[in-house]
Amino acid sequence: MSKMQVSMTVNGTAVEARVEHRTLLIHFLRDHLNLTGPHIGCDTSHCGACTVDLDGKSVKSCTMFAVQADGASILTIEGITGADGTLHALQDGFREMHGLQCGFCTPGMITRAYRLLQENPHPTEEEIRFGISGNLCRCTGYQNIVKAVQYAAEKLGGKLKEAAE
Amino acid sequence: MTEPTSEQRTQSLQGLGCKRKRTEDIRFVQGKGNYVDDLKLPGTLYGDFVRSPYGHARIKGIDASKAKALPGVIAVLTAADLKPLNLHYMPTLAGDVAAVLAEDKVLYQNQEVAFVIAEDRYAAADAVELVEVDYEPLPVVVDPFKAMAPDAPVLREDLAGKTDGAHGKRKHHNHIFAWEMGDRGATDQAFTQAEVTIKELISYQRVHPCPLETCQCVASFDKVKGELTVWGTFQAPHVIRTVASLISKIPEHKVHVIAPDIGGGFGNKVGAYPGYICAVVASIVTGRPVKWVEDRTENLTTTSFARDYHMTAEIAANRDGRITALRVNVLADHGAFDACADPSKWPAGFFNIVTGSYDFPVAHVSVDGVYTNKAPGGVAYRCSFRVTEAAYCIERAMDILAQKLEMDPADLRMKNLIRREQFPYHSALGWEYDSGDYHTALQRAMNAVGYRQLRTEQQARLAAFRAGKTRELMGIGVAFFTEIVGAGPSRNCDILGIAMFDSAEIRIHPTGAVIARMGTKSQGQGHETTYAQIIASELGLPADDIIIEEGNTDTAPYGLGTYGSRSTPTAGAATAMAARKIRAKAQMIAAHLLEVSEYDLEWDVDRFRLKGNPESFKTMKEIAWAAYSNVPPGMEQGLEAVSYYDPPNMTFPFGAYISVVDVDVDTGVVKVRRFYALDDCGTRINPMIIEGQIHGGLTEAFAIAMGQEIHYDEDGNVTGPSLMDYFLPTAVETPKWETDWTTTPSPHHPIGAKGVGESPNVGGVPCFANAVNDAFRAFGSTHIAMPHDNWRTWTAADNLGLHAA
């Protein structure tokens with residue numbers, strides 16, 4: 001299988017690799033770069049466990065090829081934690097508000113909520129529910145995820161800092 | 001410096017009753033969980049299945065030559081390779097066998113036919129496409145009501161001539177078992193004398209637990225040592241180890257089973273599946289680690305299912321609403337192999353909880369299990385064994401009786417609920433309910449929602465509908481459930497002969513820090529947080545100084561795993577009992593240090609103090625140090641204990657749920673206006689985690705009641721085998737939950753806790769179903785089957801003539 005050279009920035013670090021054309025971005029992140037925070041929960045782009053931030057947009061990394069991300073800047077859950085290990089307000093919020101149980105959807109959910117708060121720093125409950133509706137959770141019933149996002153929005157006070165950018 | 005008060009010291013422990021933040025969240029919010037597919041061992045190979053496109057077909061030949069020729073492909077396993085090892089079939093928990101790889105024929109769509117092993121995931125997937133299988137399609141049986149027709153096709157040719165099943169005589173070539181409980185004669189007599197009876201076929205559709213992480217494993221066989229290590233999504237890792245040893249003949253001490261973090265289970269990850277066996281065989285054959293990760297379609301169509309129970313319920317009652325008898329006959333569709341995950345002696349699980357929360361003088365229940373051309377299994381999807389089926393059945397039936405009697409459903413329940421003074425209550429179908437205060441719970445729920453006002457509003461809405469002023473009907477759902485969890489006492493609960501105890505081992509280090517290990521395995525329930533709270537309260541050491549480990553079968557004491565809300569009732573009890581053994585030793589050490597008799601000491605939060613002289617004490621931290629440095633003469637050093645806890649009885653959590661829905665008869669859209677859930681799970685260990693469990697369980701109940709179904713067409717095709725069709729609610733559809741509680745401790749559990757994770761599924765499903773049915777009650781409809789999606793709801797309205805011009 002022929003391979004192609006790709007280069008991108010992942011969590012602030014320049015990455016270069018040769019990949020098969022058909023390598024999915026999620027497999028590139030997980031298997032090649034050992035970024036196992038984003039997960040795989042379905043094959044149809046429904047669950048959002050694989051959500052990453054790509055050039056300022058939430059993207060389901062199971063639904064694009066690594067070669068399509070050539071030249072892109074990508075942020076995963078690993079890059080949302082501060083370089084000094086400080087947790088982001090969303091990460092605090094998910095713990096404080098009990099917004100997770102098994103933890104499998106959590107990286108994608110937090111990564112999505114991170115972009116949501118960039119798009120809309122003061123979302124209403126309805127806007128949060130709509131804004132995370134591309135991410136499925138089987139454990140929490142979402143009520144505490146909504147609270148976690150509200151917690152972070154309040155803590156950040158509308159002053160959002162881009163992580164690792 | 002003033003000594004902290006007893007209350008301050010208690011708070012600093014973060015023990016029982018505290019909303020302690022979860023320990024495990026620190027790694028999960030950073031994407032640093034450790035799930036099976038995160039594991040990377042050097043040289044790992046990937047396995048993938050060739051699966052049957054047919055529901056029932058004879059295999060005439062398998063040609064894997066093209067697949068084997070593909071670069072990166074190591075081998076292709078078929079039944080012919082497994083048969084010499086006697087591994088082409090595996091034993092099931094239900095006393096049947098299940099095919100690992102199909103030999104002569106396939107019995108359900110997507111059944112495993114061959115296992116491809118390749119250098120990477122992509123090569124394995126390519127090779128699957130290249131394996132050519134020659135099938136001869138056979139007649140398909142998907143309707144359980146047709147499975148025992150005299151001319152029904154023989155599904156299980158491997159059982160030819162076998163008239164005895166695991167639970168007695170088989171009636172037909174597609175019959176698995178018959179099971180009954182209760183007093184048939186007395187029940188029949190009560191029905192003969194009844195003033196009022198109802199009878200309804202209440203079917204609970206086939207669904208799937210669908211945790212966000214699918215089933216997966218990594219098997220690694222070390223040829224030099226002869227040792228096998230399997231990492232997997234196992235809710236019951238010790239049982240998997242024993243089964244792996246028994247069927248592989250590798251001695252059990254050389255089988256290392258590890259369940260790392262698990263991305264949700266909900267019953268799906270209790271059983272053993274062909275993927276595990278094939279990965280193990282592949283690793284033994286190749287000498288390299290082999291990873292198997294199923295995709296979502298494989299998950300929904302092969303690794304088990306839940307429900308598919310068809311229950312004909314009858315209630316006898318007096319005209320004043322007093323119930324006199326219950327009769328339920330069930331047809332249970334177990335699919336192609338009986339791989340139902342129940343304790344060995346319970347082929348229908350604890351379905352005999354079907355008398356529910358009501359004081360039935362007599363009852364009789366019978367269950368027949370049949371084979372069909374569907375996936376095998378029968379797991380308890382977020383409920384104890386067959387309990388949600390039972391709760392759905394009795395709660396629907398009580399509403400139908402109320403309708404016939406022209407009584408309010410809540411009033412009928414109030415009249416028949418088991419009274420507080422009747423506990424411990426002996427049910428007509430053989431259980432001893434440990435404790436309850438049902439009337440208080442239901443009344444509190446009715447008060448909280450303003451039940452009478454809601455009924456008045458509903459009447460006004462109905463009048464407006466009839467006057468043509470609205471196209472929306474209002475439904476009020478009432479459900480009162482009794483769960484039965486904590487399996488279970490060794491006298492009647494075992495898995496493959498192993499008693500269903502559970503365990504805890506606690507070891508206190510010299511500095512007072514603690515490591516504890518249990519035989520259970522969290523899949524999101526928060527065990528690392530809550531078990532530490534139990535130990536903190538029992539031993540007076542801060543929860544933050546306690547590490548909880550589960551899932552490594554080499555280090556954890558043997559246990560039966562986490563499902564059926566059994567962790568708190570069994571391993572939680574073992575944790576308290578092990579802690580109490582440690583405290584007894586600590587008391588002797590404290591007496592030695594204080595140079596007094598141990599009988600002169602009393603426990604005070606985190607220390608032993610001299611009775612009458614609280615200034616004279618030794619804290620647990622001081623005692624821990626002394627346990628390694630200054631023990632009484634003749635005493636062994638160390639401070640640790642293990643407990644294997646055989647519960648004396650099940651525990652019986654209960655709850656009262658009320659929901660309000662608005663149904664648009666023209667679109668079939670059901671809007672959930674309100675859902676109130678009152679749960680009583682006995683002593684509450686962590687209210688935050690309990691509330692989270694309730695939210696999650698209610699959301700799964702909402703999914704089941706309103707949309708989930710694993711549906712087969714008449715040719716045996718699963719019609720919606722992905723998340724395109726299988727309903728997992730998003731944050732938009734999911735209702736907002738109101739939670740409440742009462743506390744009625746279990747009298748036999750060391751800390752009075754009962755278990756909670758599954759209650760909301762058990763009570764939630766009938767509560768939604770009753771609400772939708774209630775909306776149509778005024779038009780003479782007695783029962784509309786789940787799931788209540790828009791199409792079915794619209795159809796129900798249409799059948800009742802509500803769309804007439």
Side-chain angles (χ1 to χ4, degrees), chain A residues 1 20 22-23 27 30-31 34-47 49 76-78 80-81 85 87-88 90-96 98-107 110-111 125-126 128-146, chain B residues 19 21-22 24-35 37-38 40 71 120-123 209-214 261-266 293 295-297 522-526 688-689 691-700 702 722-724 728-737:
Chain A
M1 198 67 66
E20 281 185 28
R22 62 177 180 171
T23 300
H27 286 141
R30 289 179 51 82
D31 295 347
N34 290 324
L35 294 170
T36 54
H39 296 134
I40 302 170
C42 72
D43 328 305
T44 48
S45 307
H46 284 83
C47 81
T76 70
I77 185 70
E78 287 90 346
I80 285 178
T81 308
L87 295 187
H88 188 272
L90 275 162
Q91 293 170 313
D92 278 334
F94 270 70
R95 181 162 191 248
E96 286 298 316
H98 190 30
L100 68 151
Q101 290 180 30
C102 81
F104 200 76
C105 79
T106 310
I110 290 178
T111 308
E125 174 175 350
E126 202 181 358
I128 294 171
R129 283 182 179 264
F130 184 78
I132 61 168
S133 62
N135 292 67
L136 297 174
C137 170
R138 293 289 288 140
C139 298
T140 65
Y142 304 105
Q143 198 154 317
N144 290 343
I145 292 179
V146 171
Chain B
K19 291 185 182 179
K21 305 301 175 207
R22 299 199 329 162
E24 41 277 82
D25 290 358
I26 304 287
R27 63 179 186 276
F28 290 149
V29 298
Q30 301 185 70
K32 297 293 185 190
N34 180 30
Y35 303 90
D37 199 18
D38 300 343
K40 285 180 84 169
D120 68 67
R121 302 172 202 263
Y122 290 62
C210 197
L212 205 54
E213 179 202 39
T214 61
D261 288 327
I262 297 181
F266 317 121
V293 177
D295 67 25
R296 181 55 63 192
T297 296
S522 179
Q523 312 119 43
Q525 294 89 340
M688 178 191 82
I689 285 180
E691 190 189 56
Q693 290 283 304
I694 303 292
H695 287 179
L698 289 175
T699 305
E700 290 189 350
F702 170 72
S722 78
L723 299 190
M724 296 280 282
L728 298 188
T730 75
V732 172
E733 298 92 40
T734 302
K736 289 174 204 170
W737 312 113

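Letters A, B, ... are given to chains in the order of the sequence lines, protein chains preceding strands, and every chain is numbered from 1.
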Margin query: Can you tell me which portion of T730(B) sits under 4.5 Å from chain A's heavy atoms? Options are side chain, backbone, both or neither.
Written below: both
Notebook entry, point to check: So do the side chains of D261(B) and E24(B) get within less than 4.5 Å of each other, counting heavy atoms only?
Noted result: no
Check: When you measure from the side chain of E125(A) to the backbone N and O of V146(A), does any donor-acceptor pair fall under 3.5 Å?
Finding: no
Notebook entry, point to check: Which bit of S522(B) comes within less than 4.5 Å of chain A, counting heavy atoms only: side chain, backbone, both or neither?
Noted result: neither
Next item on the list: List the atom of T111(A), the atom of I77(A), and the distance in Å for their closest heavy-atom pair.
Entry: OG1-N, 3.8 Å
Check: Relative to chain B, which segment of T140(A) carries a heavy atom at a distance below 4.5 Å: side chain, backbone, both, or neither?
Finding: backbone
Next item on the list: Among H27(A), E126(A), E20(A), single out the residue with the greatest number of heavy-atom pairs under 4.5 Å to chain B.
Entry: H27(A)
Note to self: Report which part of L90(A) has an atom under 4.5 Å of a heavy atom belonging to chain B: side chain, backbone, both, or neither.
What the structure shows: neither
Notebook entry, point to check: Of the listed residues (D37(B), N34(B), I694(B)), which shares the most heavy-atom pairs with chain A below a 4.5 Å separation?
Noted result: D37(B)
Check: What orientation do Y35(B) and F28(B) show, parallel under 30°, tilted 30 to 60°, or perpendicular over 60°?
Finding: parallel
Next item on the list: Select one option (side chain, backbone, both, neither) describing which atoms of L136(A) are under 4.5 Å from chain B's heavy atoms.
Entry: both
Next item on the list: With a 4.5 Å cut-off on heavy-atom pairs, point out which of E691(B), Q693(B), E213(B), Q525(B) contacts chain A the most.
Entry: E213(B)
Margin query: At a heavy-atom distance under 4.5 Å, which candidate from I26(B), T297(B), T214(B), D120(B) has the highest pair count against chain A?
Written below: I26(B)
Item checked: Part of T734(B) lying under 4.5 Å from any heavy atom of chain A -> both
Notebook entry, point to check: So, the side chain of K736(B) versus the backbone of Q143(A): is there a donor-acceptor pair under 3.5 Å, distance only?
Noted result: no
Notebook entry, point to check: In terms of heavy-atom proximity below 4.5 Å to chain B, should Y142(A) be classed as side chain, backbone, both, or neither?
Noted result: side chain
Notebook entry, point to check: Non-hydrogen atoms of chain B under 4.5 Å away: do they reach the side chain of E96(A), the backbone, both or neither?
Noted result: both
Item checked: Heavy-atom contact with chain A under 4.5 Å, split by part of R27(B) -> neither
Note to self: Just so I know, are the side chains of M688(B) and K21(B) near enough to count as touching, which here means a heavy-atom distance under 4.5 Å?
What the structure shows: yes
Item checked: H695(B) side chain reached by Q101(A) side chain, heavy atoms, under 4.5 Å -> no
Check: Does a side-chain heavy-atom distance below 4.5 Å link P735(B) with L698(B)?
Finding: no
Next item on the list: For chain B, find which of H98(A), R30(A), Q91(A) contributes the most heavy-atom pairs closer than 4.5 angstrom.
Entry: H98(A)
Notebook entry, point to check: Given that the side chain runs from C-beta out, which part of P71(B) has a heavy atom under 4.5 Å from chain A: side chain, backbone, both or neither?
Noted result: neither
Next item on the list: Output the option from T44(A), I110(A), L100(A), T106(A) having the highest count of non-hydrogen pairs under 4.5 Å with chain B.
Entry: L100(A)
Next item on the list: Tell me, for I689(B) versus chain A, whether the close heavy atoms (under 4.5 Å) come from the side chain, the backbone, both or neither.
Entry: both
Checklist line | Any F702(B) side-chain heavy atom under 4.5 Å of E733(B) side chain | finding: yes
Check: Does any heavy atom of chain B fall under 4.5 Å from the side chain of I132(A), the backbone, both, or neither of them?
Finding: side chain
Checklist line | C102(A) side chain reached by L212(B) side chain, heavy atoms, under 4.5 Å | finding: no
Notebook entry, point to check: What part of D92(A) is in contact with chain B, defined as an atom under 4.5 angstrom from a non-hydrogen atom: side chain, backbone, both or neither?
Noted result: neither
Next item on the list: Evaluate the side-chain proximity of C210(B) to R296(B): yes if any heavy-atom separation is below 4.5 Å, no if none is.
Entry: yes
Next item on the list: Name the region of K32(B), side chain, backbone, both or neither, that has any atom closer than 4.5 Å to a heavy atom of chain A.
Entry: side chain
Item checked: Side-chain (H39(A)) to main-chain (F104(A)) donor-acceptor, under 3.5 angstrom -> yes
Checklist line | Which of G33(B), G265(B), P729(B) touches chain A most, by non-hydrogen pairs under 4.5 Å | finding: P729(B)
Check: Side chains of P38(A) and E78(A): does their closest heavy-atom pair fall under 4.5 Å?
Finding: yes
